[in-house]
There are 2 protein chains.
Amino acid sequence: MNKEIRKTMPLLPISIVMQLTDLTARQIRYYEEHELIVPARTEGNRRMFSLNDVDDLLEIKDLLEQGINMAGIKKVFEMKNEPLVTKQLKKEITDEDLRRILREEMRQAQSMQKTSIRHGDLSRFFS
Amino acid sequence: MNKEIRKTMPLLPISIVMQLTDLTARQIRYYEEHELIVPARTEGNRRMFSLNDVDDLLEIKDLLEQGINMAGIKKVFEMKNEPLVTKQLKKEITDEDLRRILREEMRQAQSMQKTSIRHGDLSRFFS
DNA sequence: AACACAATGTTAGGTTTTCTAACATGCAAA
DNA sequence: TTTGCATGTTAGAAAACCTAACATTGTGTT
């Protein structure tokens with residue numbers, strides 16, 4: 001009986017996610033349409049969301065309030081999965097560039113720590 | 001925006017609870033009928049379960065497999081909320097009784113610790 | 001053996017929730 | 001002013017859930 005509840009397990013119906021995020025069903029489906037989230041589906045085609053999905057939705061909401069559009073948010077999400085260094089390596093950069101990039105990445109990591117306390121982190125919700 | 005996700009928040013529809021506990025809807029509703037759990041309801045009268053409810057259901061399942069019936073399980077649940085000492089005090093016991101009871105309670109607390117690792121504790125599910 | 005009861009299965013009919021798809025609206029940028 | 005993005009609204013269909021009733025299974029009792 002090797003069960004495990006992970007933040008990635010699809011547990012929540014859309015009604016609950018609406019309450020948790022203060023988004024409308026229309027908004028949530030629209031963001032899925034733009035592939036910012038990919039909720040699981042039941043056999044009967046109902047969406048089921050994980051806590052990570054809720055997390056992502058809260059971040060989307062925040063970025064939208066900052067005036068960023070779907071395309072921008074999609075790019076932001078891509079960057080989260082593929083760190084700066086990786087992308088730059090693909091471009092065959094010089095050592096000089098690399099040093100600049102690493103400095104920049106450290107700077108970003110710092111500011112992310114600050115903001116992650118306020119935005120898009122479900123952990124703060126748990127007692 | 002003082003939100004908080006607690007183990008007591010009703011987030012899960014019955015279908016998910018069925019998967020999590022390997023119980024049928026009939027069983028879950030039957031246990032509610034006997035007031036072993038009291039899931040929340042949506043405006044439209046659908047049951048919504050908290051993680052604590054799932055926890056309780058797993059414990060119910062375990063106790064049932066041990067041959068304990070509804071009445072017995074209900075008593076076990078009452079005891080969890082009202083520790084032995086409290087109940088005995090109501091009966092105006094002698095000091096001699098009290099000493100016996102405290103010894104017994106410690107014994108039970110020990111065995112509870114052992115079994116709680118295996119049964120009725122959702123925390124083991126989280127990554 | 002016959003019975004009684006507890007726990008669960010099954011079915012029927014009705015209601016709520018969610019789905020997709022289409023069209024409407026508000027607003028900002030070109 | 002026209003365009004396009006984000007969201008609202010509506011309609012019709014399907015899935016999920018509800019209660020209530022009756023059926024089945026297993027177990028203990030007389």
Side-chain angles (χ1 to χ4, degrees), chain A residues 9-51 53-54 56-78 119-120, chain B residues 9-51 53-54 56-78 119-120:
Chain A
M9 284 192 62
L11 301 174
L12 315 174
I14 197 170
S15 53
I16 294 295
V17 175
M18 291 170 63
Q19 294 175 204
L20 256 29
T21 60
D22 266 308
L23 295 168
T24 65
R26 182 66 167 94
Q27 287 175 303
I28 294 169
R29 296 191 190 113
Y30 183 69
Y31 305 151
E32 180 190 15
E33 204 172 315
H34 286 263
E35 301 174 291
L36 298 180
I37 53 172
V38 187
R41 297 285 183 140
T42 67
E43 284 193 6
N45 200 36
R46 262 110 189 88
R47 272 169 267 252
M48 296 298 300
F49 299 79
S50 69
L51 290 174
D53 289 330
V54 176
D56 286 348
L57 285 169
L58 288 171
E59 187 169 358
I60 291 169
K61 191 183 177 188
D62 185 60
L63 293 172
L64 272 172
E65 282 164 5
Q66 294 178 218
I68 302 170
N69 63 9
M70 293 294 107
I73 297 175
K74 187 181 281 187
K75 194 60 95 181
V76 170
F77 275 34
E78 283 169 13
H119 305 306
Chain B
M9 282 191 64
L11 301 174
L12 315 174
I14 198 170
S15 54
I16 294 294
V17 175
M18 291 170 63
Q19 294 175 205
L20 256 29
T21 60
D22 266 307
L23 294 168
T24 65
R26 183 65 168 92
Q27 288 174 302
I28 295 169
R29 296 191 190 113
Y30 184 69
Y31 305 151
E32 180 190 15
E33 205 173 313
H34 287 264
E35 300 175 294
L36 298 180
I37 53 171
V38 187
R41 298 285 184 138
T42 67
E43 285 193 4
N45 201 35
R46 261 111 189 90
R47 271 170 266 254
M48 295 300 300
F49 299 79
S50 68
L51 291 174
D53 289 330
V54 176
D56 286 348
L57 286 169
L58 288 171
E59 188 168 358
I60 291 169
K61 191 183 177 189
D62 187 59
L63 293 171
L64 273 172
E65 281 165 4
Q66 295 178 216
I68 303 171
N69 63 10
M70 294 293 107
I73 296 175
K74 186 181 280 187
K75 192 62 92 182
V76 169
F77 275 35
E78 284 169 13
H119 305 304

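In what follows, chains carry the letters A, B, and so on, assigned in the order in which the sequence lines appear, proteins first and then strands, with residues in each chain numbered from 1. Not measured: the values here are computed from a predicted model.
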Asker: Under the rule for salt bridge (charged side-chain N to carboxylate O under 4.0 Å, His left out), what residues qualify as partners of A/E35, not counting sequence neighbours?
Answerer: A/K74
Asker: Can you name the residues that form a ring pair (Phe, Tyr, Trp, His ring centres under 6.0 Å) with A/F77, not counting sequence neighbours?
Answerer: none
Asker: Using whole Å, report how far CD1 of B/I73 lies from C1' of C/dA7.
Answerer: 11 Å
Asker: Name every residue in residues 31-41 of chain A that has at least one heavy atom under 4.0 Å from any atom of DNA chain C, in order of residue number, or write none if there are no such residues.
Answerer: A/R41
Asker: Counting primed atoms plus P, OP1 and OP2 as sugar-phosphate and everything else as base, spell out the protein contacts along nucleotides 13-18 of chain C at 4.0 Å heavy-atom distance: B, S or - for each nucleotide, 5' to 3'.
Answerer: --BBBB
Asker: State which of C/dG9, D/dT7, C/dA6 makes the closest approach to the side chain of B/Y30.
Answerer: C/dA6
Asker: Output every pair passing ring pair (Phe, Tyr, Trp, His ring centres under 6.0 Å) with a member in residues 17-46 of chain B, not counting sequence neighbours, ordered by first then second residue.
Answerer: B/Y30-B/H34
Asker: Determine whether a donor-acceptor pair (N or O, by modelled atom type, separation under 3.5 Å) exists between the side chain of B/D56 and the backbone of B/D53.
Answerer: no
Asker: Round to the nearest Å and state the distance from A/E65 atom CD to D/dA6 atom P.
Answerer: 14 Å
Asker: For nucleotides 24-30 of chain C, give me one character per nucleotide, 5' to 3': B if any protein heavy atom sits under 4.0 Å from the base, S if the only such contacts are to the sugar-phosphate, - if neither.
Answerer: -------
Asker: Could you list the residues that satisfy side chain to side chain contact (heavy atoms under 4.5 Å, CB included) with A/E65, not counting sequence neighbours?
Answerer: A/K61, A/D62
Asker: Could you check how far CG of B/L64 sits from C1' of D/dT27, rounded to whole Å?
Answerer: 14 Å
Asker: With nearest nucleotides of DNA chain C determined for B/N69 and A/M48 from heavy-atom distances, which residue corresponds to the more 5′ nucleotide?
Answerer: B/N69
Asker: Does A/M9 reach the side chain of B/I16, with side-chain heavy atoms less than 4.5 Å apart?
Answerer: no
Asker: By side-chain hydrogen bond (donor to acceptor under 3.5 Å, both in side chains), which residues pair with A/T42, not counting sequence neighbours?
Answerer: none
Asker: Who passes side chain to side chain contact (heavy atoms under 4.5 Å, CB included) against B/A40, sequence neighbours left out?
Answerer: B/P10
Asker: How would you list, by chain and number, every residue that makes a side-chain hydrogen bond (donor to acceptor under 3.5 Å, both in side chains) with A/R41, sequence neighbours excluded?
Answerer: A/E32, A/N45
Asker: Using whole Å, what does the distance between atom C1' of nucleotide D/dA6 and atom CD of A/Q66 come to?
Answerer: 17 Å
Asker: Calculate the interatomic distance between A/I68 atom CD1 and D/dC5 atom C1'; express it in whole Å.
Answerer: 15 Å
Asker: D/dT7 P sits how many Å from A/L57 CG, rounded?
Answerer: 11 Å
